[in-house]
Amino acid sequence: MERSSFTLDLGAIRRNAATLLRAAGGADLWAVVKAEGYGHGAVDVSKAALDAGAAALCVATLPEALHLRAALRNARIIVLGGAVSDREVGEARVARLELVSADGRVPEGVRVHLNLDTGMGRWGLTELPSATRDVVGVMSHFASAESDPEFTHLQVERFREATAGLDSLARHIANSAATLRYAETRFDAVRCGIALYGISPFGGDPAEEGLEPALKWESYVALVKRLEPGESTGYGRRFVADRPTWIGIVPVGYADGFRRDMTGTDVLVDGVRRQVVGTVSMDALAVVLDGEVAAGAPVTLVGDGVLIEEHARIADTIGYEIAVGLNMRPGRARRVLIDG
């Protein structure tokens with residue numbers, strides 16, 4: 001019996017893509033599927049997004065792009081991280097990939113997007129070189145579209161000024177947050193990642209943005225026991241019972257992606273919210289119960305109203321980090337596709 005199972009709803013991916021296309025207001029939707037589709041499964045997510053109208057796929061590295069190309073022979077694939085060697089440029093050329101240049105170099109025979117730094121302070125050009133025939137786009141990256149409207153508007157104006165007169169090139173700067181909130185950021189294409197998976201870029205309820213979580217994570221209660229006053233559970237004795245207390249042990253831990261700093265969050269046990277207590281260990285976590293339940297009772301770790309965003313708030317992080325840290329490898333979990 002697997003320790004847990006992950007269910008990816010391809011219908012939810014398509015519906016989120018449709019929501020983002022509406023928000024894009026006529027701009028192309030480019031689905032960001034780096035980091036194995038934000039932990040959801042890059043190939044499956046890519047197929048669903050393309051089916052829903054996405055015009056291209058974006059990844060971070062050449063190996064990610066080659067993995068997609070093997071499954072999707074005709075998809076438009078853009079490597080946002082660019083290539084770092086002549087060998088990789090050659091591989092990209094053969095695989096019909098598009099690259100991003102952050103240093104002004106434009107290799108021949110490969111479609112290239114120039115990356116302009118408008119305020120991210122990371123990779124990117126301070127000014128744009130003259131475009132060659134291989135340059136097909138100009139891009140930038142927002143630093144704080146989810147939280148700082150003033151700086152976002154400043155970046156938009158810098159980008160608009162720098163790309164004036166380059167109407168023949170695809171201009172793209174918007175991420176999920178900008179696509180959902182700022183019409184002036186859309187230009188020719190929007191690059192949406194986190195929202196595609198039904199996770200809010202703002203850290204709130206995704207339903208407020210018209211988004212639907214695509215992933216469900218389930219396990220079960222493997223052991224039920226009663227702690228007497230003064231007895232504890234888990235490493236470090238972080239939870240000590242002050243009264244007779246029933247607890248359930250779930251065979252999921254930080255090796256599966258349920259982080260140590262998610263202690264205190266809620267999960268569902270038999271459909272009822274229960275709090276995770278004590279120290280999350282590598283292979284197990286504990287939940288407080290109102291009373292004895294049967295071993296094997298279902299536990300929902302994500303889904304059915306239990307949001308990744310809630311876990312992220314408890315862990316003082318962002319939903320992105322929770323999602324990409326999930327372990328779906330065979331031997332730890334079972335992965336199921338549905339089309340709801």
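Model, not experiment: these values are computed from the prediction.
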Any Tyr38 side-chain heavy atom under 4.5 Å of Leu196 side chain: no
Trace of the side-chain contact (heavy atoms from CB on, under 4.5 Å) decision for Leu128 with Leu166: CA-CA 11 Å; Leu128 294 173; Leu166 299 179; 3.9 Å; yes
From Leu337 atom CG to Asp9 atom CG, the distance as rounded to the nearest 0.5 Å: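 Answer rounded to 0.5 Å: 10.0 Å.
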Val269 vs Val250 side-chain heavy atoms within contact, under 4.5 Å: no
Donor-acceptor contact present, side-chain Arg111 to main-chain Val136, <3.5 Å: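 No.
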Point-to-point distance, once rounded to the nearest 0.5 Å, from CG of Asp103 to CG of Asn115: 10.0 Å
Within 6.0 Å of CZ in Arg273, more than 12 heavy atoms from elsewhere: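 Yes, the 6.0 Å shell around CZ holds more than 12 heavy atoms from other groups.
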Val135 to Leu169 - nearest heavy-atom pair and separation: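 What the structure gives for the nearest pair is O-CD2, 3.3 Å.
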Any donor-acceptor pair under 3.5 Å from Asp188 side chain to Arg171 backbone: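 Yes; judged by distance alone, with no hydrogens or angles, the pair exists.
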Joint cluster assignment, Leu215 & Tyr320, ILVMFWY side-chain distance < 4.5 Å: yes
Polar side-chain atom of Arg15 near backbone of Ala52 as donor-acceptor pair, under 3.5 Å: no
Transitive ILVMFWY side-chain link Val324 to Met262, under 4.5 Å: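 Yes, it is one cluster - the side chains of Val324 and Met262 are joined through contacts under 4.5 Å.
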Heavy-atom side-chain contact between Tyr197 and Asn16 under 4.5 Å: no
Enclosure of Glu228 CD (heavy-atom neighbours >12, cutoff 6.0 Å):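 Above 12, so yes.
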Heavy-atom closest contact (Tyr182 atom, His153 atom, distance): CD2-CE1, 3.9 Å
Nearest non-hydrogen partners of Ser144 and Phe151, listed with the distance: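 Closest approach of Ser144 to Phe151: OG-CD2, 4.0 Å.
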Flag, side chain of Asp256 to backbone of Phe258, donor-acceptor distance under 3.5 Å: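 Here the side-chain-to-backbone pair does not exist.
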Arg334 atom CZ, over 12 foreign heavy atoms within 6.0 Å: no
Exam field: side chain His311 to backbone Arg259, donor-acceptor pair closer than 3.5 Å: no
Heavy-atom check, side chain of Leu289 versus side chain of Val272, under 4.5 Å: no
Which atom of Val112 lies closest to which atom of Pro107, heavy atoms considered: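 For Val112 and Pro107, the tightest heavy-atom pair comes out as CG2-CD, 4.0 Å.
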Arg335 vs Asp44, side-chain contact (heavy atoms from CB on, under 4.5 Å): CA-CA, chis, key distance, verdict: CA-CA 12 Å; Arg335 187 169 179 272; Asp44 295 317; 2.8 Å; yes
Same apolar cluster: Ile173 and Val190, side chain cutoff 4.5 Å: no
Contact check, side chains of Thr61 and Lys34, non-hydrogen atoms, under 4.5 Å: no
Intermediate values then yes/no, salt bridge (charged side-chain N to carboxylate O under 4.0 Å, His left out), Asp283 and Arg332: CA-CA 10 Å; Asp283 308 302; Arg332 297 293 299 196; 2.9 Å; yes
Distance-minimising heavy-atom pair for Val221 and Ala294: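 Looking at all heavy atoms of both residues, the shortest contact is CB-O, 4.5 Å.
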Check: Arg313 side chain, Asp316 main-chain N or O, donor-acceptor pair, under 3.5 Å: no
Common cluster, Val224/Leu285, ILVMFWY with side-chain heavy-atom separation under 4.5 Å: yes
Steps toward salt bridge (charged side-chain N to carboxylate O under 4.0 Å, His left out) verdict (Asp28, Arg76): CA-CA 12 Å; Asp28 284 345; Arg76 185 180 183 187; 5.2 Å; no
Under 3.5 Å: donor-acceptor pair, side chain of Asn327, backbone of Ala255: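 Pair found, side chain donor or acceptor close to backbone of Ala255.
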Glu36 side-chain N/O to Ala42 backbone N/O, donor-acceptor pair under 3.5 Å: yes
Pro298 and Glu218, any side-chain heavy atoms less than 4.5 Å apart: no
Greater than 12 external heavy atoms within 6.0 Å of Trp246's CH2: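 Yes, CH2 of Trp246 has more than 12 neighbouring heavy atoms, counting only those of other groups under 6.0 Å.
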Name of the residue among Arg122, His172, Gln155 meeting side chain to side chain contact (heavy atoms under 4.5 Å, CB included) with His141: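 Of the listed options, the one satisfying the test is Arg122.
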Verdict with reasoning, Trp123 to Val100, per side-chain contact (heavy atoms from CB on, under 4.5 Å): CA-CA 10 Å; Trp123 296 289; Val100 169; over 6 Å; no
Phe202 backbone acceptor or donor facing Glu146 side chain under 3.5 Å: no
Reported CD-to-CG distance for the pair Glu88 and Leu97, which is rounded to 0.5 angstrom: 11.0 Å
Steps toward side-chain contact (heavy atoms from CB on, under 4.5 Å) verdict (Thr185, Phe142): CA-CA 10 Å; Thr185 69; Phe142 285 124; 3.6 Å; yes
Non-hydrogen side-chain atoms of Asp51 and Arg14 separated by less than 4.5 Å: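 Contact flag for Asp51/Arg14 side chains = yes.
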CD-CZ distance between Glu231 and Arg226, expressed to the nearest 0.5 angstrom: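 Nearest 0.5 Å value for the CD-CZ distance: 9.5 Å.
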Cluster link Val299 to Ile322, ILVMFWY, side chain under 4.5 Å: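 Shared cluster, yes.
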Contact summary for Leu180 and Ala195, nearest pair of heavy atoms: CD1-CB, 4.3 Å
Check: Ser232/Arg237 side-chain N/O donor and acceptor closer than 3.5 Å: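 Side-chain D/A pair, Ser232 to Arg237: present.
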Donor-acceptor under 3.5 Å (Arg274 side chain, Ile247 main chain): no
Contact check, side chains of Met120 and Ser140, non-hydrogen atoms, under 4.5 Å: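 No; the side chains remain at least 4.5 Å from each other.
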Gap between atom CD of Glu108 and atom CZ of Arg133 - 0.5 Å precision: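 Going from CZ on Arg133 over to CD on Glu108, the span is 6.5 Å.
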Geometric cation-pi criterion, Arg260 with Tyr235: 6.0 Å, 45°: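 Because its charged atom misses either the 6.0 Å distance or the 45° angle limit, Arg260 does not stack over Tyr235.
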OG1 on Thr179 to CG on Leu20, rounded to 0.5 Å: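 Between atom CG of Leu20 and atom OG1 of Thr179 there are 6.5 Å.
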